[in-house]
Amino acid sequence: MRTVITGGAGFIGSHLTEYLLNAGDSVTVLDNLSTGANENLKGSWDHPAFTFREGSILDRDVVREVIGASDRVFHLAAAVGVHLIVDHPLESLRTNIHGTEVVLDACLEAGVDLLLASTSEIYGKNTADRLSEDSDRILGSPLKSRWTYAAAKGIDEAFAHAYWREFGLNVSIVRLFNTVGPRQTGRYGMVVPNLVGQALRGEPLTVYGDGLQTRCFSYVGDVVPAMVRIAEEPATRGLAVNLGGLQEISILELAEKTIKLLGSSSVINFVPYEQAYGQGYEDMRRRVPDNSLAGRLVRFKPTTTVDTIILKVAKAMLSAAPGGVPAGATR
Ligand code: UDP
């Protein structure tokens with residue numbers, strides 16, 4: 001199988017690349033290296049079935065050329081990370097909406113199947129006990145840049161669904177809930193690499209707001225095989241499928257666990273949201289997935305606990321930077 005992964009130099013994309021190369025695919029990564037890095041692909045670079053193409057999903061010619069020589073596409077390229085979205089709303093909107101349209105057109109033209117990576121952000125402020133795929137979306141004002149990501153990804157899903165309905169394109173969508181693991185960078189504000197890096201450096205752990213907001217972190221090693229099974233399962237065409245983690249945990253508990261598990265001398269520093277993200281920022285208080293559709297369709301059953309995730313992320317950070325773990329988000 002000739003597989004294209006857009007955004008394959010990113011955190012999740014690089015794990016997917018390794019997984020598919022091991023499964024016998026030939027893999028072409030299309031990435032503009034804006035937030036991804038060649039470093040993430042170190043383990044794949046010398047594989048005979050691996051090709052890297054530097055380029056943007058906004059470049060229609062490159063996208064057509066790469067996708068035209070493939071059998072299937074995993075579309076992961078996107079502007080992600082709350083800091084990046086808040087700081088560069090226009091670029092994020094263009095990449096996330098127009099870029100996806102370019103990819104969809106190229107897949108239709110080439111007649112290849114597509115898996116679109118979407119996000120739990122699209123549910124917005126819905127704090128339901130379990131968010132199922134047809135749960136309502138509760139979004140703040142589109143003038144608040146945090147919501148531009150959710151808005152853009154919602155449009156992407158609608159586009160993908162329309163290409164499936166109107167043109168018969170084989171599209172499946174996954175909604176990823178706070179996927180974490182080795183190689184995720186703290187540079188754009190993601191909490192797990194931020195807190196683990198701070199604990200390893202002996203710095204205060206920055207907990208935003210009161211720390212009682214909760215998330216269900218999912219491990220990249222649980223999520224990637226499920227993404228592939230979803231791409232290969234005809235019953236998922238035209239559907240969006242949640243892929244989330246096991247345990248609901250508050251950010252304060254996450255920080256306390258990180259300090260304890262890593263034997264760190266760090267303290268916890270509560271940072272007001274305005275200081276972390278600027279004026280007018282709105283956070284989600286709670287985000288809990290209902291994974292039952294993925295369970296039924298592709299036997300998705302996440303097994304990696306938050307403790308294991310913290311230890312794996314710390315181990316990977318230490319081995320990647322023997323001279324000292326670099327700083328994460330700079331505010
Ligand atoms: N967060 C935090 N400290 C950090 C980075 C993030 O307390 O150094 C909080 C953030 O405000 C949010 C949660 O952790 O409530 C998860 O943030 P992340 O950016 O990882 O994901 P998302 O907000 O998209 O769920």
Side-chain angles (χ1 to χ4, degrees), residues 10-12 35 78-87 92 96 117-127 131 137-140 144-153 175-181 183-201 203-220 223 242-245 247-259 264 266-278 280-289 306 309-310 313 317 325-331:
F11 152 57
I12 301 175
T35 54
V80 293
V82 173
H83 283 309
L84 184 73
I85 309 296
V86 169
D87 292 344
S92 307
N96 293 347
S118 183
T119 169
S120 59
E121 282 269 328
I122 64 127
Y123 296 110
K125 293 182 275 188
N126 188 335
T127 55
L131 291 162
R137 304 174 59 203
I138 305 178
L139 303 183
K144 290 189 174 160
S145 40
R146 200 240 151 102
W147 301 115
T148 57
Y149 182 56
K153 282 294 188 176
R175 293 187 184 148
L176 305 177
F177 282 67
N178 293 85
T179 309
V180 294
R183 292 186 210 142
Q184 185 179 36
T185 166
R187 226 178 312 146
Y188 308 101
M190 274 79 157
V191 68
V192 168
N194 253 12
L195 299 186
V196 170
Q198 288 161 342
L200 291 176
R201 293 189 299 272
E203 294 169 2
L205 272 63
T206 52
V207 168
Y208 299 161
D210 60 10
L212 300 182
Q213 67 273 34
T214 66
R215 296 292 187 271
C216 292
F217 294 97
S218 55
Y219 186 60
V220 67
V223 167
N242 286 343
L243 291 176
Q247 276 165 274
E248 182 176 10
I249 183 170
S250 75
I251 302 304
L252 180 57
E253 278 175 85
L254 176 73
E256 288 166 348
K257 232 182 215 308
T258 302
I259 290 173
S264 169
S266 293
V267 295
I268 290 175
N269 182 20
F270 289 91
V271 179
Y273 281 116
E274 309 79 74
Q275 197 178 317
Y277 300 111
Y281 184 78
E282 289 179 304
D283 197 16
M284 283 91 164
R285 288 303 283 174
R286 179 163 198 245
R287 194 195 271 153
V288 183
V306 171
I309 289 173
I310 292 169
V313 169
M317 271 188 189
V325 175
T330 53
R331 48 186 140 175

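First listed ligand is number 1; within each ligand, the first listed atom is number 1. Note: hydrogens, waters and symmetry copies are ignored here, and every other heavy atom, side chains too, is used.
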Next on the checklist: Regarding ligand 1, does Tyr273 bring an N or O atom to under 3.5 Å of one of the ligand's N or O atoms?
Outcome noted: no

Checklist entry - For Arg287 and ligand 1, does the shortest N/O to N/O distance drop below 3.5 Å? => result yes

Can you tell me which residue and heavy atom of the protein come closest to [atom], and the distance to 0.1 Å?
{"atom": "atom 18 (P) of ligand 1", "answer": "Val191 N, 3.9 Å"}
{"atom": "atom 3 (N) of ligand 1", "answer": "Thr206 O, 2.7 Å"}
{"atom": "atom 7 (O) of ligand 1", "answer": "Tyr208 N, 2.8 Å"}
{"atom": "atom 25 (O) of ligand 1", "answer": "Arg215 NE, 2.6 Å"}
{"atom": "atom 13 (C) of ligand 1", "answer": "Ile251 CD1, 3.6 Å"}
{"atom": "atom 24 (O) of ligand 1", "answer": "Glu121 OE2, 3.0 Å"}
{"atom": "atom 10 (C) of ligand 1", "answer": "Tyr277 OH, 3.3 Å"}

Next on the checklist: Set out, in order, the CA-CA distance, both residues' side-chain angles and the distance that settles side-chain contact (heavy atoms from CB on, under 4.5 Å) for Phe11 and Thr35, then state yes or no.
Outcome noted: CA-CA 9 Å; Phe11 152 57; Thr35 54; over 6 Å; no

Roughly how far apart are [X] [atom1] and [Y] [atom2], rounded to 0.5 Å?
{"X": "Leu205", "Y": "Ser266", "atom1": "CG", "atom2": "OG", "value": "5.5 Å"}
{"X": "Arg287", "Y": "Gln213", "atom1": "CZ", "atom2": "CD", "value": "11.0 Å"}
{"X": "Lys125", "Y": "Leu139", "atom1": "NZ", "atom2": "CG", "value": "8.0 Å"}
{"X": "Leu252", "Y": "Thr214", "atom1": "CG", "atom2": "OG1", "value": "12.5 Å"}
{"X": "Ile138", "Y": "Ile122", "atom1": "CD1", "atom2": "CD1", "value": "12.0 Å"}

Checklist entry - Do Tyr281 and Tyr208 have ring centres separated by under 6.0 Å? => result no

Could you tell me which atoms of ligand 1, counted from 1 in the order shown, lie closer than 4.0 angstrom to a heavy atom of [X]?
{"X": "Asn194", "result": "4 (C), 5 (C), 8 (O)"}
{"X": "Asn178", "result": "21 (O), 22 (P), 25 (O)"}
{"X": "Val207", "result": "7 (O)"}
{"X": "Asp283", "result": "11 (O), 12 (C), 15 (O)"}
{"X": "Gly189", "result": "5 (C), 6 (C), 19 (O)"}
{"X": "Gln213", "result": "9 (C), 11 (O), 15 (O)"}

Item to check | Any Arg285 heavy atom less than 4.0 Å to ligand 1 | outcome: no

Checklist entry - Touching ligand 1 at all, Gln198? Heavy atoms, strictly under 4.0 Å? => result no

Tell me the closest heavy-atom pair linking [X] and [Y], and the distance in Å.
{"X": "Ala199", "Y": "Thr258", "answer": "CB-CG2, 3.9 Å"}
{"X": "Ile268", "Y": "Ala255", "answer": "CD1-CB, 3.8 Å"}
{"X": "Ser250", "Y": "Gly211", "answer": "CB-O, 3.5 Å"}

Next on the checklist: Let's go through Glu248 and Arg286 carefully: what are the C-alpha distance in whole Å and the side-chain angles of both, what is the deciding distance for side-chain contact (heavy atoms from CB on, under 4.5 Å) to 0.1 Å, and is it a yes or a no?
Outcome noted: CA-CA 9 Å; Glu248 182 176 10; Arg286 179 163 198 245; 2.7 Å; yes

Next on the checklist: For Gln184, which part has a heavy atom under 4.0 Å from ligand 1: side chain, backbone, both, or neither?
Outcome noted: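 Under 4.0 Å from ligand 1, Gln184 contributes no heavy atoms.
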
